[in-house]
Trainee: 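The structure's right below; bear with me while I get my questions together.
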Amino acid sequence: MDRAPHPQTPETRLPGRSGALHVLVLALCLSVPVTPAFGQAILEGERFHPVSAQQGMVATSHTLATEVALKVLEEGGNATDAAVTAGFALAVTQPRSGNIGGGGFMLISKGDGSAPEAIDYREKAPSGATETMYQDEAGNVVRNRSRFTHLAAGVPGTVAGFALALDRHGTLSLEQALEPAIKLARDGFIVPQRFTEGLEQARERLQRWPATLKTFYRDDGSAWEAGERFRQPELADTLQRIADKGVKGFYEGETAQLIVEEMQRHGGLITHQDLAEYQPVVRTPVHGNYRGYDIYSMSPPSSGGTHIVQILNILEGFPIAELGHNSADTIHYMAEAMKLAYADRSQYLGDTDYVNVPLQGLTSKPYAEELRKSIKADEARPADEISPGQPPGYESPETTHFSVVDKWGNAVSNTYTINFSYGSGITVQGAGFLLNNEMDDFSAKPGVPNAYGLTGGEANKVEPGKRMLSSMSPTIVRKDDRNFLVTGSPGGSRIITTTLQVLMNVIDHDMNIQTAVNAPRIHHQWLPDEIRTEQGISRDTVRLLESRGHKVVTHSAMGAIQSIMVGEDGTLYGGADPRRSTSSAMGY
Ligand code: GLY
C-alpha cells in the first residue's frame, strides 16, 4: 500500500515503455529558477516518480479529499462513489475552487469498455439574464458586473450533477457520499499554509461581503493560520440538508430560500424557479484519435475536448517525438496549432442547446490537415493574420479536476469550478458557501475579452437558461478499449493546453505520469499573440522562438493537473501536480 501524499515509489518507468527519462529528469532538475511550489518539486528528484498501487488510485488537489475518496475505494465503493465523495470534501477543504455553489463536468469511462459518458453540470444563466446585462447604456462592458456582483452568479449545478452521477454509476447514497464532507465542515480541519495564503491574498475582495468575512476569517478579520482548526457550521448544515432531502435539500426549501434572499438583497437574478428547474445533462464526450490512442474529453458547453482533439489532430502531422520535448521546433508547432484552435474557439463554440457548433468539422482529420498546411516551419504567423477557419458543415443541434480509478478499471475524470479563486467572493448568508462568478465566461460583448483574455461572439452571448462556454477538459485516454490515462486541470483558458501537454508528454515523449505532470508548460491562445511559458524553458529555446517571430513571456505556473495512468499489467500510477502544494495522489 502506498499512502504517501507525494509520489515516493522507486518506480520510474511504465512496464514496456522506454525513453531518455534520466536525461530528462536531469534537464528538468537543472531548469531553475522556477516558481516556489514548482521549484520545490523540480529540485526534489523523487517527486518525479509516480505513486503506484494495484487496486485503486485517487489524485486530487487536497490531501484530505484524496484520503476520504481512497477510503471509499478501500471499502468497496467504485470510482464514481469516490469521485463524488472527493468533490463534496473539496467543497469544504478547498473553498477557493471546490464547491457546491458552482458547476463542472464529469467524465466516466467504465472498465468494461462501454462508451464513456459525460455529465454536464455547468451553471446556467438565470432566466432573467439578457444579452446586454454587462454593458452600460453606451454599450460599454462594465467589467466587474460579471465578476464581483450578484449578477455574476450562474445557477449552480454541482449538487445536481453529483447526485446524477451517483444515480447512474454509483453504489453509495448521496447521504453516504456527503458524510465525510459534513464531518470535515462540522468538526473542522487543520488548515494548510496554502489555505491561509489564499485568504490573505483575496482579503480585500472577500471582506467586502459580511457573510464571507464571518465564514472564512477570524473575528478580528485575520485569516486562520496554518495549523489551526477551521470549522464551517453553516456549510455543515447546508450539506446535511442535502443528505436528508437529496437534491431538493439544495434546490428547494431552506437553502434555496437563502440563495434567493441573498439575490434579492443585492440585485441578483437567481429565482426559486431557476433553482428548481436546474437539470444536469448526460452528454456524449468528444472523441478523437492521436497516434493510436483514443482521446475522450468534454464536449460543449466546454470547448476543452473539441480543441484538445483539434490541436492533437494538427500536431499528428509533425514528428513531435523526434523534434523533442520543449524544443524550439516542438513549441513552435504547438503554438501555431494552439493559435488556430483558439481562433476557432472564439467564433464557433457555445452551448449546443442554444447554438449549432460544427463539432465534427472542428475535430476532423481533413480540417486539421488543411489548417496544418497554413503553418510555416520557420516563421510564426502573427495573430492578426489568423481568423477563425471554415470547418466543414454544421451538424444537427443535438449534441455537449480530480481523477479516480477503481479495482474494476472504472475511471472518473472530474473538473468543476466557481470560476475565479473564491468565485464571486459572495457567500450565501446563512448557508456558508461561495457563489460562482461563472457568468464572466459568457461573451459580455462580441470581441471584448473575458478575465482569461478569451474573446467570443454570437455563439457565446448571454441568453436566459444558457450554459456559458467553458475550457474545462476532464479527459480519459483509452488504448485498445482499456482506460489508460485519466487527467484534467484547472487554469481558465490554460486548461486546454495544460491537459494537452500531459497527453503529449506521455504519448509523444514517453514520460511517466509524474514527469509528464511536472514538466514545464507553454500556452498560446491566439490573443494575446504571445507564447506564455512557465520557468524551465531554456534561454536558447526562447531565442530560437523569438528568431521565428514569436513573442515569449514567462509567467507563473499554469494549471494543477491531477492524473492517473494505468500500466499494461494493470498497475496504477498517480501523478499529483506539485504546482499546488496540497495536491496528492494515493493508492492502495
Ligand atoms: N471558468 C473557467 C472555465 O470554465 O473555463
Side-chain angles (χ1 to χ4, degrees), residues 61 87 90 94-107 118-125 134 143 146-148 151-158 161 280-281 283 285-286 297-308 311 338 341-342 344-346 348-352 357 400-402 413-426 434-444 449-456 459-460 462 466-475 487-500 523 525-527 558-561:
S61 55
L90 285 164
Q94 193 172 280
R96 65 166 96 195
S97 53
N99 69 82
I100 54 171
F105 304 101
M106 183 181 284
L107 224 66
I119 294 182
D120 163 7
Y121 58 96
R122 181 72 160 163
E123 301 92 327
K124 295 177 82 162
Y134 301 116
R143 204 62 276 187
S146 62
R147 298 179 184 172
F148 304 122
L151 292 173
V155 183
T158 298
V281 183
R283 304 208 188 258
V286 170
S297 190
M298 196 58 220
S299 40
S302 178
S303 60
T306 306
H307 297 304
I308 285 176
I311 297 169
M338 288 171 183
Y342 277 85
D344 280 351
R345 183 190 190 280
S346 72
Y348 297 112
L349 268 288
D351 179 353
T352 42
V357 175
T400 160
H401 196 79
F402 31 92
S413 178
N414 185 91
T415 314
Y416 74 152
T417 185
I418 42 176
N419 198 19
F420 289 11
S421 230
Y422 310 102
S424 61
I426 298 165
L434 285 158
L435 285 166
N436 68 83
N437 59 346
E438 221 71 65
M439 294 292 283
D440 192 61
D441 277 350
F442 277 118
S443 177
N450 74 358
Y452 303 104
L454 293 168
T455 54
N460 189 35
V462 185
K466 189 180 184 183
R467 288 167 154 90
M468 56 297 286
L469 184 59
S470 172
S471 298
M472 288 188 272
S473 312
T475 298
T487 191
S489 181
S493 59
R494 276 102 53 191
I495 293 174
I496 297 171
T497 50
T498 296
T499 308
L500 172 92
H523 171 76
Q525 62 179 53
W526 178 45
L527 296 172
M558 294 184 268
I561 196 151

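Whatever order the structure lists them in is the order used to number ligands and atoms, beginning at 1.
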Trainee: Specify side chain, backbone, both or neither for Arg122, according to which of its non-hydrogen atoms lie closer than 4.0 Å to ligand 1.
Mentor: side chain

Trainee: Numbering the atoms of ligand 1 from 1, which are under 4.0 Å from a heavy atom of Asn419?
Mentor: 1 (N), 2 (C)

Trainee: Regarding Arg467 and Glu438, does a basic nitrogen lie under 4.0 Å from an acidic carboxylate oxygen?
Mentor: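 Looking at Arg467 and Glu438, the cut-off is not met.
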
Trainee: What protein heavy atom is closest to atom 5 (O) of ligand 1, reported as residue, atom name and distance in Å?
Mentor: Ser471 N, 2.7 Å

Trainee: Should you measure from each heavy atom of Met472, which atoms of ligand 1 turn up under 4.0 Å away?
Mentor: 4 (O), 5 (O)

Trainee: Which residue supplies the protein heavy atom nearest to atom 4 (O) of ligand 1, what is that atom called, and how far is it?
Mentor: Ser470 OG, 2.7 Å

Trainee: Any idea which part of Met468 is under 4.0 Å from ligand 1, heavy-atom wise: side chain, backbone, both or neither?
Mentor: neither

Trainee: For atom 3 (C) of ligand 1, what is the closest protein heavy atom, and at what distance to 0.1 Å?
Mentor: Asp441 OD2, 3.2 Å

Trainee: Determine whether the aromatic ring centres of His523 and Tyr342 lie less than 6.0 Å apart.
Mentor: yes

Trainee: Which heavy atom of Ser61 sits nearest a heavy atom of Leu90, and at what distance?
Mentor: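 Nearest pair, atom of Ser61 first, then Leu90: OG-CD2, 4.0 Å.
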
Trainee: For the residue pair Asp120 and Pro301, what are the closest heavy atoms and their distance?
Mentor: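 Nearest pair, atom of Asp120 first, then Pro301: OD2-CD, 3.2 Å.
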
Trainee: Ring centres of Phe148 and Phe420 under 6.0 Å apart?
Mentor: yes

